[in-house]
Amino acid sequence: MAQDRGKYDFYIGLALAISSSLFIGGSFILKKKGLLRLARRGSTRAGQGGHAYLKEWLWWAGLLSMGAGEAANFAAYAFAPATLVTPLGALSVLVSAVLSSYFLTERLNLHGKLGCLLSILGSTTMVIHAPQEEEIDSLENMAKKLVDPGFVLFATLVIIVALIFIFVIGPRHGQTNILVYITICSVIGALSVSCVKGLGITIKEAFAGHPVLRNPLSWLLLLSLVACVSTQINYLNKALDIFNTSLVTPIYYVFFTTSVLTCSAILFKEWEHMGYDDIIGTLSGFFTIIVGIFLLHAFKDVNVSLATLAVSIRKEERNGPVSNGVAPHSHTAYELLHNDTTGDFEDREIGLPFDSIARRNGSTGS
């Protein structure tokens, strides 16, 4: 009976995580559509300090969609392992990329399509091999796990590393090194996900009639979550303000998810119930998602498709025999694609649909 209940909770958590990605990915398209509509009307843009978007119903629809996605993501941690829920956050990036190609006329090139395919395959692999047994199902068990020596050592190291980066490394290298602020967000994010997991268990017990409000652990988890999320928002916004979003997004996803998987292995011990094949499958799925996210972002401004590849190949063949591997007076495929790209590069807004990764990873700033 307990095993059937565990599988039932697993699929509820999986459905919530996927629906969260759909809501969050779609929310950015709705917000963007609203902002573009205001720009066509000549209203002061949000980036210039304007607040006309508050009167635009599409923007509010996007905000409500974002709220629904965050609520579903929060609830997913109460039912499914963090090992499963956190990596599925990449699907919100995929949803934004696909929808933006249809509704915002932003091209999704060949690399982007391959990245989407790899992200779906990696997510499917992780779902198949993710642990289906929930280790912590009550606040009493959560309290025991939090005082485990392994987790106490991990949390202490995380706090020390975060403080060193905030007060020592950040002021010196934060403006020039993209890894500084992302590292702060990622290591703190591992603790924030643990707090979300604990609060999800608290809510489940509250619906079951347990007096959770009298338990000091409930309030400790809530205060810790507020502190962690505030820190994440602050330093993630700094990273996004200084560096290119197309770089911040994939790096942050990799660092954050790696931190969460490490914390999950230490605190929740979800990996203890997995065989070697499932561990290899989960890691393989995770790395496949990383490659997909990289392809989706790194080459999104290169105008490459199957048609342009065919044209490039035919043009190189018409240039005649090659000497030392290079045809005389010929252009490489990269040069042809690069020349096609530079013509419209200035008119494109880069990275806007892909800021959802910050939202999906526990940041609740607007």
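Start at 1 with the first residue, then count along the sequence.
Other residues, nucleotides and ligands contribute over 12 non-hydrogen atoms within 6.0 Å of the CZ atom of Phe151. Atom CZ of Phe154 has more than 12 heavy atoms from other residues, nucleotides or ligands within 6.0 Å.
Here the CD1-CG distance, from Ile24 to Leu91, works out to 11.0 Å after rounding to the nearest 0.5 Å. Between atom CE of residue Met126 and atom OG of residue Ser284 there is a gap of 10.0 Å, rounded to the nearest 0.5 Å. Here CG of Leu283 is found 10.5 Å from NE2 of His129. Values are rounded to the nearest 0.5 Å. Going from atom CG of Leu84 over to atom CG of Leu88 covers 5.0 Å, rounded to the nearest 0.5 Å. In this structure, Leu146 CG and Leu267 CG are separated by 6.0 Å, a value rounded to the nearest 0.5 Å. Atom CZ of Phe256 and atom CG of Leu261 lie 9.5 Å apart (nearest 0.5 Å).
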Under the side chain to side chain contact (heavy atoms under 4.5 Å, CB included) rule, what do Trp219 and Leu213 come out as? Steps first, then yes or no, please. CA-CA 8 Å; Trp219 299 104; Leu213 295 180; 4.1 Å; yes

Verdict with supporting geometry, Leu16 and Asn73, side chain to side chain contact (heavy atoms under 4.5 Å, CB included): CA-CA 6 Å; Leu16 287 170; Asn73 182 46; over 6 Å; no

Begin from the C-alpha positions of Phe255 and Leu179 and carry the test side chain to side chain contact (heavy atoms under 4.5 Å, CB included) through to its verdict. CA-CA 9 Å; Phe255 275 47; Leu179 299 180; 3.8 Å; yes

Take Ile289 and Ser123 through the test side chain to side chain contact (heavy atoms under 4.5 Å, CB included) and record every step on the way to the result. CA-CA 7 Å; Ile289 294 175; Ser123 300; 3.6 Å; yes

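The two residues Ser259 and Ala190 make their nearest non-hydrogen contact at O-CB, 3.6 Å. Of all heavy-atom pairs spanning Leu30 and Ser65, the tightest one is CD1-CB, 4.4 Å. Closest approach of Ala80 and Val85 over heavy atoms only: CB-CG2, 3.8 Å. Shortest non-hydrogen contact noted between Thr257 and Phe286 is CG2-CE1, 3.3 Å. Of all non-hydrogen atoms in Ser20 and Gly69, the two that sit nearest each other are OG-O, 2.7 Å. The two residues Leu191 and Cys228 come nearest to each other via the heavy atoms CB-SG, 4.0 Å.
For Ser192 and Gln232, the side-chain atoms include at least one donor-acceptor pair closer than 3.5 Å.
Taking 4.5 Å as the limit, some side-chain heavy atom of Val98 sits within range of a side-chain heavy atom of Cys116. Using a 4.5 Å cut-off on side-chain heavy atoms (C-beta onward), Ser27 and Leu63 make no contact. In this structure, the side chains of Thr202 and Leu139 come closer than 4.5 Å at one or more pairs of heavy atoms.
For the pair Lys238 and Tyr181, the distance from NZ or CZ to the six-membered ring centre is under 6.0 Å and the angle to the ring normal is within 45 degrees. The side-chain tip of Lys204 points at the ring of Phe79 from less than 6.0 angstrom away and within 45° of straight on.
Hydrophobic clustering (ILVMFWY, side-chain heavy atoms < 4.5 Å, transitive): Val226 and Leu221 are in distinct clusters. Both Val168 and Tyr235 belong to a common hydrophobic cluster when Ile, Leu, Val, Met, Phe, Trp and Tyr are linked at side-chain heavy-atom distances under 4.5 angstrom.
Every residue two or more places apart in sequence or in another chain that forms a side-chain contact (heavy atoms from CB on, under 4.5 Å) with Leu295 is listed here: His111, Leu114, Leu118, Val291, Phe299.
Checking each of Ser194, Ser230, Cys195 against Leu225 for a side chain to side chain contact (heavy atoms under 4.5 Å, CB included) leaves exactly one that passes, namely Cys195.
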